[in-house]
Each structure stands twice: as structure tokens, then as C-alpha cells.
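Notes follow once the structure below has been shown.
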Number of protein chains: 2
Amino acid sequence: MTTDTPRKQQIEDAASTLFRERGYAATSVRDIAHALDMQGGSLYAHVASKEDVLWAIVVRAADRFNAEVGPIAASDRTAARKLRKMIRAHVAVVTSAQKDAAVFLDEWRFLSPERRATIAARRDDYEGLFRKAIAQGVGSGEFGRIDSAQTAIVILSALNGIASWYSPDGNLTAAQIADQHADLFIRALTWAKPTDEGEDP
Amino acid sequence: MTTDTPRKQQIEDAASTLFRERGYAATSVRDIAHALDMQGGSLYAHVASKEDVLWAIVVRAADRFNAEVGPIAASDRTAARKLRKMIRAHVAVVTSAQKDAAVFLDEWRFLSPERRATIAARRDDYEGLFRKAIAQGVGSGEFGRIDSAQTAIVILSALNGIASWYSPDGNLTAAQIADQHADLFIRALTWAKPTDEGEDP
DNA sequence: CCTACCGATCGGTAGG
DNA sequence: CCTACCGATCGGTAGG
């Protein structure tokens, strides 16, 4: 009954690295164990199955996206400002928890059907946050008459793509990447008018 | 010395379906063989290795992108029109050769290091076609002063994402999806002026 | 293209 | 957390 077992987190971290590098199916339980200087079977003192490890990684990534973006989506703001902040928050998660995000995005299909369905539903809800923010802007006249559902998909596809090419050593900081994306998409939605300005923190 | 062995194509088609559904690593040689009503080992009468099958799929997908988009990129057009046509062509490949495109995009990391390097180089060249088209528009003043390299990545991320959500049974046709993307991105690049119009076929 | 097989490795468990 | 092991499955081959 201690606060939390750090060993389990170490396992998830090591697994996250390997799942991202080699993919879930091509990573063996022994690979994960050896990364932590354990014997293959010893991992099962801490986890019940390989899939449970993937599940833990996927859930903690999903939780982070929701924790960062959810409050902004629920806040009272202009659609353009809200969307800009949501994009920034999403990119911040992708870049700061890059491994987990990449595993979440690429490897969730290896979950059991039940768990996959749970994640599919969560992803759809999350996408809904973007749909609603866009629809708000269409309704208020801030944005042009675009298809909010399709636009949400386009934006999230581009933002999620960052997980597969971003490098902390690149020429652009995570914040710059976020702003570039926000600029580009807000521009695309608010055409024929100047982009809204006057940032809030 | 016949024209072409169709059995090999059948193998690649079946493998493309399975690699897309389950991923390369989680698809066994027996899975592929059984999809063609063969015994596991019999596949090796036609192919030398599982990786060779993946390689064939990846190469034919890459070839298609180049064949469709390359000539447009090399053509003499306004940057906006050129980019619009390139986006359309890219989306056409993604949607018409969806399985191959998805395998190409998601599973190429399971290739041997040498082959992976070859594909990485080809992908960079291909991305260069978009970079150059964008840079052309920046140079001519058609587009605003944006980072062509980053913008090319953003556009291709979104376009490639289509491979993972497009369904021929969806509400939108492939052509509509292509136009939506072209509209959105051209708008984002040509801000503060009306989008260029007057389509060529 | 099949049958029958190879060594290697897989996820997971027992028993300590 | 280790040793030692389980049955199952893997990619690939021999020999026809």
C-alpha cells in the first residue's frame, strides 16, 4: 500500500521505447526485461501480460491528451483562440511524451478487441473536442463554411504526424512547430480576413 | 520468359491486405499462404523471403506516387495550380491503392537497413517535389512567406493520414476529399488574397 | 506446389 | 526476481 510501484513505470517506459522503435509485435517480453537487466520471465512478477503493458502506455497517453486539451476545449473563448490553444496543447503532448504518443497512435491496434473499442471511443470523443471548436467558429462567423468533422480529422492527422518526425535536436522547438501549425490552420479557416491576434498566455 | 507471373502479384495483394490489417511482424508466412489456399512452405516456390514480399509492395507503392505526382511537379504551372494538382494526384493514389499505400507508410520500417535507407531517400526526394512547388509559390509571391520544408511535411502528413481513415463507402468521394485538402492548404498558403481559381482538368 | 521437418524464439508459468 | 521449463508458432528448407 505504498504510493506507487516505480518498477512498473520503468517497465512501461522501457516498453514504450521498444514498442516505438520496433513495434509491439516485433518486441518480445525478453527484450523489455533485458532493457531493465532482468530475465525474461521475471517481468511477470510485475505485469500479467505483454498486452497489459501496451494498454498501460496507451491509457496514460490518452489521459494526457485529455488532461491538457480538455479544459481548453471546455473554456469560454473565441473559436480561433480556443483552437489555437488546443493545437498548442496537443503538440505539447506529442512532443513532450513523444514515445507514448507514438505508441498510442501506431500500436493501439494490437490491443484486444474490447480495449481497442474503448480507445476508439475515446479517440472519437477527443476528436469531437476539435469538431466542436471548429463548429463554434463556423457558427459565429469567425471561420468560413467548412466541414468541421473533416477539418478536425485533417488537423489531427497533421498534428499526430509530428510524433513520427519531431526531434528535440531539430532546428525548430516544439513551441515553434505548434505555432506554425496553429498559424497555418487558423489561416485556412479564417480566410478572407486577417488572422485573429492578441495572444492570451 | 512470359510477360509476368500473376501468382507473385496475388501473393503481394494478399500480403498487402494482411500487412495492413495485422502489421508485417504479426502476419505469418502461413497467413499469407492460407489466404491463397496454399500450404505455408509453398510460398517459397514464388518468393525468397517474407521481407521480399514487403519490399515488392513498398516499391510498387512508391513507384505509383512518383508516376502520378512526378510529372505534375515537373510541369510548367502556377505554384497554386501545380500544388493543387499534386495534392489531387497524391490523394488519388492513397485512395485507389489504399492497402499498398498504408503498408508503404506504416510498415516500411520492417525492411532491412539497406532497403529502409533506399526508401527513406526516395521519400525525401518525393517530399522535395512538394517543397519545391511551395518554394516556387513563395518566390513568385503567390504564397506568403512560409517555411516550405515544414509546410511540405504538414501537407503530406495530412494527405497520408487519409490512408488510415478513408473508406470507399464513406460520405465523401476520393475526389471530394482531395479537393477539400487542396482548398484548405492552398487557402492557408495564399492568405490575404482570394484563392486562385479557374481549374484546368 | 505438398509433406515433413529444422532450429529458434515466442508469451507465459511453476516453484522456489 | 531467477532457473528451468511448457506448448505453440515462427521463417525457411529438403526432397520430392
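Lettering follows sequence order; numbering is per chain, from 1.
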Handout entry: Start and end of chain A contact along DNA chain C [non-hydrogen atoms, under 4.0 Å]
Key = C:dC10 to C:dT13
Handout entry: Sequence neighbours excluded, every pair satisfying side chain to side chain donor-acceptor pair (under 3.5 Å) that has a member inside residues 150-162 of chain B
Key = B:His90-B:Asn160
Donor-acceptor list for residues 99-108 of chain B side chains, cut-off 3.5 Å, not counting sequence neighbours:
residue  : atom : partner  : partner atom : Å
B:Lys99  : NZ   : B:Thr17  : OG1          : 2.9
B:Asp100 : OD1  : B:Ser16  : OG           : 2.7
B:Asp100 : OD1  : B:Arg60  : NH2          : 3.3
B:Asp100 : OD2  : B:Arg60  : NE           : 2.6
B:Asp100 : OD2  : B:Arg60  : NH2          : 3.2
B:Glu107 : OE1  : B:Tyr24  : N            : 3.1
B:Glu107 : OE2  : A:Arg109 : NH2          : 2.8

Exercise for the section: Any pair with a residue in residues 25-44 of chain A that passes salt bridge (charged side-chain N to carboxylate O under 4.0 Å, His left out), sequence neighbours left out, goes on the list, sorted by first then second residue, please. Expected result: A:Arg22-A:Asp31
Fill in the blank from the handout: B:Val29 meets the side chain to side chain contact (heavy atoms under 4.5 Å, CB included) criterion, sequence neighbours left out, with B:Leu43, B:Tyr44, B:Lys50
Problem - With B:Glu21 via salt bridge (charged side-chain N to carboxylate O under 4.0 Å, His left out) - residues at least two apart - result: none
Exercise for the section: Name all residues meeting the side chain to side chain contact (heavy atoms under 4.5 Å, CB included) criterion together with A:Ala92; count only those two or more places apart in sequence or in a different chain, and write none if there are none. Expected result: none
Practice task
For A:Gly41, report the nucleic acid contact type (base, sugar-phosphate, nothing); a contact means any heavy atom under 4.0 Å.
Solution key: base
Handout entry: Residues, nucleotides or ligands: over 12 heavy atoms within 6.0 Å of A:Asn171 CG
Key = no
Exercise for the section: Any chance you could encode DNA chain D as dot-bracket? Rule is Watson-Crick or G-U wobble with both distances under 3.5 Å; [ ] for pairs crossing earlier ones, | for another strand. Expected result: ||||||||||||||||
Fill in the blank from the handout: A:Ser148 meets the side chain to side chain contact (heavy atoms under 4.5 Å, CB included) criterion, sequence neighbours left out, with A:Ile134, A:Ala135
Practice task
Return the set of residues passing side chain to side chain contact (heavy atoms under 4.5 Å, CB included) with B:Asp125 (not counting sequence neighbours), or none when no residue passes.
Solution key: none
Exercise for the section: Map A:Asp37 and A:Arg30 onto DNA chain D by nearest heavy atom, then report which one ends up closer to the 5' terminus. Expected result: A:Asp37
Practice task
Enumerate the residues from residues 21-28 of chain A whose closest heavy atom to DNA chain C is under 4.0 Å, giving them by residue number; use none for an empty result.
Solution key: A:Thr27, A:Ser28
Practice task
Sorted by first residue and then second, give each salt bridge (charged side-chain N to carboxylate O under 4.0 Å, His left out) pair with at least one member in residues 151-179 of chain B; sequence neighbours left out.
Solution key: B:Arg88-B:Asp179
